[in-house]
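Both backbone and side-chain heavy atoms feed into the values below; hydrogens, waters and symmetry mates do not. Predicted model, so just to flag it, every value in this text is computed and none were measured.
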Amino acid sequence: QVQLVESGGGLVQAGGSLRLSCVASVRTFSNFAMGWFRQAPGKEREFVATIGWSDDSTYYRTYYADSVRGRFTISRDNAKNTVYLRMNSLKPEDTAVYYCAADTRSWRPAATSNYSNREKYNSWGQGTQVNVSS
């Protein structure tokens, strides 16, 4: 199983920005779909963003939850085995523990709404806390 280690969380004022990082301990990182989820106190873990492949597996494609589209950006650096989540215009309702996830069972899967489903991922990080003050 792949080890995923998140970092970059912290306390920020509303309207501010943070960048989360997730490093994966795997050699074939570039072929995996990666995702970010979050869980607020008392709530279910919810999808934030995913980065996978196009239908013809030739370029990366992204997919976002409606609540973060236009504010958050997921990206990856395969040379560093790292996926990022850039969060701009943060709101108090973005406060949560943010988790990195990987699907290591599929080779270059297409980034579609299917990857908003937690069951598509088989490896998870320990989470990093993000607090947004009003």
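When all heavy atoms of Leu4 and Ala102 are compared, the closest pair comes out as CD1-N, 3.8 Å. Summarising the geometry of Ala40 relative to Ala96, their closest heavy-atom pair is N-CB, 3.8 Å, with the distance given to 0.1 Å. When all heavy atoms of Ala33 and Pro109 are compared, the pair lying nearest together is CB-CG, 3.5 Å. The heavy-atom pair separating Gly16 from Val12 by the smallest distance is CA-CG2, 3.8 Å.
With hydrogens and angles ignored, the 3.5 Å screen pairs no side-chain donor or acceptor of Gln3 with any backbone N or O of Ala24. Judged by distance alone, the side chain of Arg105 and the main-chain N or O of Lys120 form a donor-acceptor pair under 3.5 Å.
Here the side chains of Val132 and Gln13 are not in contact, with every heavy-atom distance at 4.5 Å or above. Taking the side chain as every heavy atom from C-beta outward, Thr128 and Leu20 approach each other to under 4.5 Å. Contact annotation: the side chain of Phe47 never approaches that of Asn117 to less than 4.5 Å [non-hydrogen atoms, C-beta and beyond]. Counting heavy atoms from C-beta outward, Val130 and Leu18 have side chains that approach closer than 4.5 Å. Side chains of Leu90 and Phe72 form a contact here, defined as non-hydrogen atoms less than 4.5 Å apart. Side-chain contact between Thr95 and Gln129 is present, with heavy atoms from C-beta onward closer than 4.5 Å. Put simply, the side chain of Arg61 reaches to within 4.5 Å of the side chain of Thr112, judged on heavy atoms. Looking at heavy atoms from C-beta onward, Cys100 lies in side-chain contact with Met34 at the 4.5 angstrom threshold.
Residues Asn88 and Ser17 bring a donor and an acceptor atom of their side chains to less than 3.5 Å of each other. No side-chain donor from either of Asn31 and Thr28 sits under 3.5 Å from a side-chain acceptor of the other. Between the side chains of Tyr63 and Asn114, no donor-acceptor pair is found at a separation under 3.5 Å.
Put simply, Ile51 and Phe29 are part of the same group of oily side chains (I, L, V, M, F, W, Y) that touch within less than 4.5 Å, one to the next. Using a 4.5 Å cut-off between side-chain heavy atoms of Ile, Leu, Val, Met, Phe, Trp and Tyr, with links allowed through other members, Val83 and Val26 fall into the same hydrophobic cluster. Note on Tyr64: it clusters hydrophobically with Val48, by side-chain heavy-atom contacts below 4.5 Å among ILVMFWY residues. Cluster membership check: Trp36 does not share its hydrophobic cluster with Tyr84, using side-chain heavy-atom separations under 4.5 Å among Ile, Leu, Val, Met, Phe, Trp and Tyr.
Less than 6.0 angstrom separates the ring centroid of Tyr121 from the ring centroid of Tyr115. A centroid separation of 6.0 Å or more is found between the aromatic rings of Trp53 and Tyr59.
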Next item on the list: Decide side chain to side chain contact (heavy atoms under 4.5 Å, CB included) for Met87 and Arg19; before the verdict, give the C-alpha distance in whole Å, the side-chain angles of both, and the deciding distance to 0.1 Å.
Entry: CA-CA 6 Å; Met87 305 184 293; Arg19 189 181 77 162; over 6 Å; no
Notebook entry, point to check: Where do Asp103 and Asn122 land on the side chain to side chain contact (heavy atoms under 4.5 Å, CB included) test, with the steps shown first?
Noted result: CA-CA 5 Å; Asp103 172 18; Asn122 62 318; 4.0 Å; yes
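One distance of note links OG of Ser30 with CG of Asn81; it measures 8.5 Å at 0.5 Å rounding. Rounded to the nearest 0.5 Å, atoms CG (Leu11) and CG (Asn131) are 6.0 Å apart.
Salt-bridge formation is detected for the pair Asp66/Arg69: a Lys NZ or Arg NE/NH1/NH2 atom is positioned less than 4.0 Å from an Asp or Glu carboxylate oxygen. Salt bridge annotation for Glu44-Arg38: absent, with no cationic side-chain nitrogen under 4.0 angstrom from a carboxylate oxygen.
Residue Phe37 is tested with Tyr99, Trp124, Tyr98 for a ring pair (Phe, Tyr, Trp, His ring centres under 6.0 Å); the sole match is Trp124.
In this structure, Arg108 is not positioned above the aromatic face of Phe32 in the sense of NZ or CZ being under 6.0 Å from the six-membered ring centre and within 45° of the axis.
Annotation for Glu46: atom CD counts as buried by contact number, over 12 foreign heavy atoms lying within 6.0 Å.
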